Each structure stands twice: as structure tokens, then as C-alpha cells.
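For the single chain, residues carry numbers from 1 onward in sequence order. What you see is a predicted model; the values in this text were computed from it and never measured.
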Amino acid sequence: MLLDLFTKIEETKLNSPTSAYVHIPFCRRRCFYCDFPVAVVGDRSRGENSDRIATYVDTICQEIAVTPALGKPLATVFFGGGTPSLLSASQLTQIVEALSKHFGINADAEISMEIDPGTFDFNQLQGYCQAGVNRVSMGVQAFQQELLQLCGRSHSVIDIWQAVEIIRQVGVPNFSLDLISGLPHQTIEQWQESLSKAVEIAPNHISIYDLTIEPVTAFGRYYNPGVQPLPTDDTTALMYRQAQQVLTQAGYEHYEISNYAQNGYQCRHNRVYWENRPYYGFGMGATSYVQGQRYTRPRKTKEYDQWCAEYQAANGVLDCPPTPADEVLLETLMLGLRLKTGVRLLTLQQICDEPTLRRILQCLQPYQKQGWVDVEDGYMRLTDPEGFLFSNVILAALFEKLS
């Protein structure tokens, strides 16, 4: 009996999350392509002067305090949004201290924060770093003023360069920059310019996202996928190949479908997702994956507040079933094949039987012949860039084969 109990405790520790995602939903305005759970507060509201933001921070800390801590300190924390840089430094400190008090945070933890140009100054960013932030991810999206306005972004090109200078002055040890390809009216020449300017800035990490038209967004009302003024599929594929060529030649490793990093600067937190490892989630619309339970919180403030009250009353017990084994397999494939390293065959053997693994390998054979997939050295992986470009085709075939 005691041995069984000890074994269960050790298994729990082994599967204990060591990462936490914290969602900060506040934005000055909603970008025209965005379908994230956000709360628009306008240009004047910030953490220092908004009771709404202050109340939300308190609620987040209450959610953290009631969540069962499963035994290991945090190795990564990620503040996403929304626009986390609308928080005051003291509010960010409040959340970091709540996490540290309840879970513990490793001395060498990666603590990331999304920031937008024009939403922070030197003292503010320095305050974030003093609170423990050692990695910032800045949403630039484009270096052309007309494209920023077309997207509904609240910052200007001038704001971008001022923000870069502040990051350099503060001395943030790890800096990531985001760009979006496939925007309406975006040309190959504009995309080349954005890539060149990103390389000129030389952040440690660059994320390249291809625009997705979501039905509930302003872009979803304005545009139809594949129809002008959106670039054609051939043009967006050319943009993808162009980014891969420019950034790898500049010394960045293309380690994930949308992500490039200098040596030693891969995003440790996001690898937790891609490797389908457990993590805590906090805040409106945040997803957690703990003890086999994947759960997404309500996307609207009122419903999230009500959920938090019920969560506290239940002492942090989530009322949702564990993720079924077939979904775990599909998630492992969908997420793991985003990585350059791919999915380890041994990992698949641990979550599916031999006949299922044979079906997976059989399904991939045509794509191996096309040069989109490699299966070697105990891994299956997509090739760069062609396999990554056609990942949706490959994953659709796998899902159909396994459903």
C-alpha cells in the first residue's frame, strides 16, 4: 500500500506542470485580425489609472492561490494578451509574487512578456525586469505605416524604433519580435523590407505568422480568404520561403514552423506546448493542461469572474474529464510536427499501439516521396520549408486516417 502511494506521488511529480501562462486581456483597441479574448480599454486607460485592470489582477492572484500546486517550481512563465504592457510594473510584480509564493519559481526561470510599441517607457520596462521578466516579445507586425493602419494597430513605425531603443537601453537579456505575412495589400517588396529591418534590429528571436482570416473579426467581414486584396496562396508561400531564406542566412535557426531563434534563444515556454507537456493557465480565456485535463476558461470578463468564484468554492477542482487517449495522440502529432526536431517515435509508442503507429507511418509514405516528410533517427519530422508549408495537408491526412 505504501509503495503504491509512493509510486503515485512520484508519478504526480513527474507530470507536474513547470510552466504557467497568464492572460492579460486588455488592449487599447482590437486589431482587425484578432479573435483572442481581449477587453478594449481605449488609449487612456492603463494599470495605474484603471480600477477594471486592478480588479482583474486581484482576480488572477485569487485564481493562482486556489490552484493546487503539484510539487515542482515553475521553470517558465508567459504573460500573453491582449497587451500585458498596459499593466503597471507593480501589478506585474503582484502576479509574479503570487506565482512565486504559491508554486515557487526557479532562479533561472524564463519569464516572458508580450509588449506592444508605444505602450511602455524606460522606467516601466525596467520595472518589469526588476519583477523578474527576462524575455520580451514585441508585436511589430509590419514596418510600413499603411499596413499598420490597415490592421488597426495602435502603434506607428516611429513607435517601433523608439521601443527597440528602450529595450536596448534597459538591457533586456532576451528579445523577440513578431511579424505578420499575407496582410491585405501587402507586397513581396514590403515583406522583404520588413524582414530586412527585423534582421537589422537583430533580436534574439523572430516569430513569423501567416495571416489567418477568422470569421468573427473585422477582417473576416471585409475579406474572403484567397480573394484580393489578400495576397494569393502562391504569394504567401513565396513570402514563407523568403522569410526562411533571409532569416536562416542571417544566422537564425528555423526551429518551429513560425519561429526562428539565435543559438540558445528558443522559447522555452512555447516548447512546452509543442511537446504537449502540462502547464498551468490563468486568466480570461486561458487554457490549462494539468493532470490530463485540458480546460479553457470563459472568454468574457463577467463569465470569467463567475467561473473564478465557483473555482474558489470548489477549492481549485476542475470539473472536466481527462483528455481521451485518441485526442492526446492527435495533439501530440499536431503540435510536435510543428517543431524542426519533429515527434519522437518512442513517444508515439508510449501513447498508441503498434497497429496505430503503422497506420501513421503508412499515411506519411506519399509525403516522404514528395520530400515533405522525413522519418529517420527515431523521429518523424516535416522538411523545411516545403513540409512546413504543406503541414495542413499532411495533418489533415493523418487526422482522417486516425479518426
Is the shortest heavy-atom distance from the side chain of [X] to the side chain of [Y] under 4.5 Å?
{"X": "Phe399", "Y": "Met334", "answer": "yes"}
{"X": "Leu211", "Y": "Leu230", "answer": "yes"}
{"X": "His269", "Y": "Ile111", "answer": "no"}
{"X": "Trp274", "Y": "Asn276", "answer": "no"}
{"X": "Leu329", "Y": "Ile360", "answer": "yes"}
{"X": "Phe78", "Y": "Arg135", "answer": "yes"}
{"X": "Ile53", "Y": "Thr55", "answer": "no"}
{"X": "Gln130", "Y": "Thr93", "answer": "no"}

Could you tell me the separation between the [atom1] atom of [X] and the [atom2] atom of [Y], rounded to the nearest 0.5 Å?
{"X": "Leu92", "Y": "Cys129", "atom1": "CG", "atom2": "SG", "value": "10.0 Å"}
{"X": "Leu335", "Y": "Glu275", "atom1": "CG", "atom2": "CD", "value": "10.5 Å"}
{"X": "Ile201", "Y": "Ile167", "atom1": "CD1", "atom2": "CD1", "value": "8.5 Å"}
{"X": "Glu256", "Y": "Arg338", "atom1": "CD", "atom2": "CZ", "value": "4.0 Å"}
{"X": "Asp178", "Y": "Ile208", "atom1": "CG", "atom2": "CD1", "value": "8.5 Å"}
{"X": "Leu147", "Y": "His185", "atom1": "CG", "atom2": "NE2", "value": "9.0 Å"}

Which atoms form the tightest heavy-atom contact between [X] and [Y], and what is the distance?
{"X": "Cys151", "Y": "Phe219", "result": "CA-CZ, 4.0 Å"}
{"X": "Pro203", "Y": "Ala198", "result": "CD-O, 3.2 Å"}
{"X": "Ser176", "Y": "Ser207", "result": "OG-OG, 4.2 Å"}
{"X": "Pro17", "Y": "Val290", "result": "CG-CG2, 3.9 Å"}

Open item on the list: Taking salt bridge (charged side-chain N to carboxylate O under 4.0 Å, His left out) as the cut-off, I'd like each qualifying pair that reaches into residues 52-71, sequence neighbours left out, listed once.
Closed with: Glu63-Arg297
Have [X] and [Y] got a donor and an acceptor in their side chains that come within less than 3.5 Å?
{"X": "Thr296", "Y": "Thr287", "result": "yes"}
{"X": "Glu200", "Y": "Ser196", "result": "no"}
{"X": "Gln186", "Y": "Gln144", "result": "no"}
{"X": "Ser85", "Y": "Thr83", "result": "no"}
{"X": "Thr236", "Y": "Asp210", "result": "no"}
{"X": "Thr232", "Y": "Thr235", "result": "yes"}

Ignoring hydrogens and geometry, is there a side-chain-to-backbone donor-acceptor pair from [X] to [Y] under 3.5 Å?
{"X": "His23", "Y": "Pro37", "result": "yes"}
{"X": "Glu303", "Y": "Pro298", "result": "no"}
{"X": "Asp116", "Y": "Thr119", "result": "no"}
{"X": "Ser45", "Y": "Gly42", "result": "no"}
{"X": "Gln293", "Y": "Pro322", "result": "no"}
{"X": "Asn174", "Y": "Asn134", "result": "no"}

Task: Ring-ring centroid check His205 Tyr252, cutoff 6.0 Å - done: no
TODO: Establish, yes or no, whether a centroid distance under 6.0 Å links the rings of Tyr280 and Phe103.
DONE: yes
Open item on the list: Once side-chain hydrogen bond (donor to acceptor under 3.5 Å, both in side chains) is applied, do any residues pair with Ser156, and if so which ones, sequence neighbours excluded?
Closed with: Asp159
With a 6.0 Å cut-off (strictly less than), is the heavy-atom count around [atom1] of [X], excluding the residue itself, greater than 12?
{"X": "Glu376", "atom1": "CD", "result": "yes"}
{"X": "Ile188", "atom1": "CD1", "result": "yes"}
{"X": "Tyr273", "atom1": "OH", "result": "yes"}

Open item on the list: Suppose the criterion is ring pair (Phe, Tyr, Trp, His ring centres under 6.0 Å): which pairs have a residue in residues 120-158, not counting sequence neighbours?
Closed with: Phe143-Trp161
- [ ] Please list all pairs passing the ring pair (Phe, Tyr, Trp, His ring centres under 6.0 Å) test where one or both residues lie in residues 295-350, with sequence neighbours left out.
- [x] Tyr56-Tyr304, Tyr295-Trp307, Trp307-Tyr311
- [ ] Applying side-chain contact (heavy atoms from CB on, under 4.5 Å), run through Gln244 and Phe388 and close with a yes or a no.
- [x] CA-CA 11 Å; Gln244 190 264 1; Phe388 282 160; over 6 Å; no
Open item on the list: Does Leu183 form a side-chain contact (heavy atoms from CB on, under 4.5 Å) with Leu150? I'd like the steps, not just the answer.
Closed with: CA-CA 9 Å; Leu183 292 169; Leu150 187 68; 5.7 Å; no
Open item on the list: side chain to side chain donor-acceptor pair (under 3.5 Å), that's the test. Do Arg46 and Gln91 meet it? Break it down for me.
Closed with: CA-CA 11 Å; Arg46 305 189 51 85; Gln91 287 168 336; over 6 Å; no
Donor-acceptor list for residues 345-353 side chains, cut-off 3.5 Å, not counting sequence neighbours:
residue : atom : partner : partner atom : Å
Asp353  : OD1  : Thr356  : N            : 2.9
Asp353  : OD1  : Thr356  : OG1          : 2.6

TODO: Show the numbers, then the answer: is there a side-chain contact (heavy atoms from CB on, under 4.5 Å) between Lys300 and Gln306?
DONE: CA-CA 10 Å; Lys300 296 184 177 180; Gln306 181 180 349; over 6 Å; no
Task: side-chain hydrogen bond (donor to acceptor under 3.5 Å, both in side chains) contacts touching residues 25-41 (sequence neighbours left out) - done: Arg29-Asp43, Tyr33-Arg153
Task: Derivation of the side-chain contact (heavy atoms from CB on, under 4.5 Å) call for Phe79 and Ile95 - done: CA-CA 10 Å; Phe79 289 90; Ile95 299 174; 3.6 Å; yes
Open item on the list: I'd like to know if Glu331 pairs up with Arg294 as an ion pair, taking the criterion as any Lys NZ or Arg NE/NH1/NH2 lying under 4.0 Å from an Asp or Glu carboxylate oxygen.
Closed with: yes
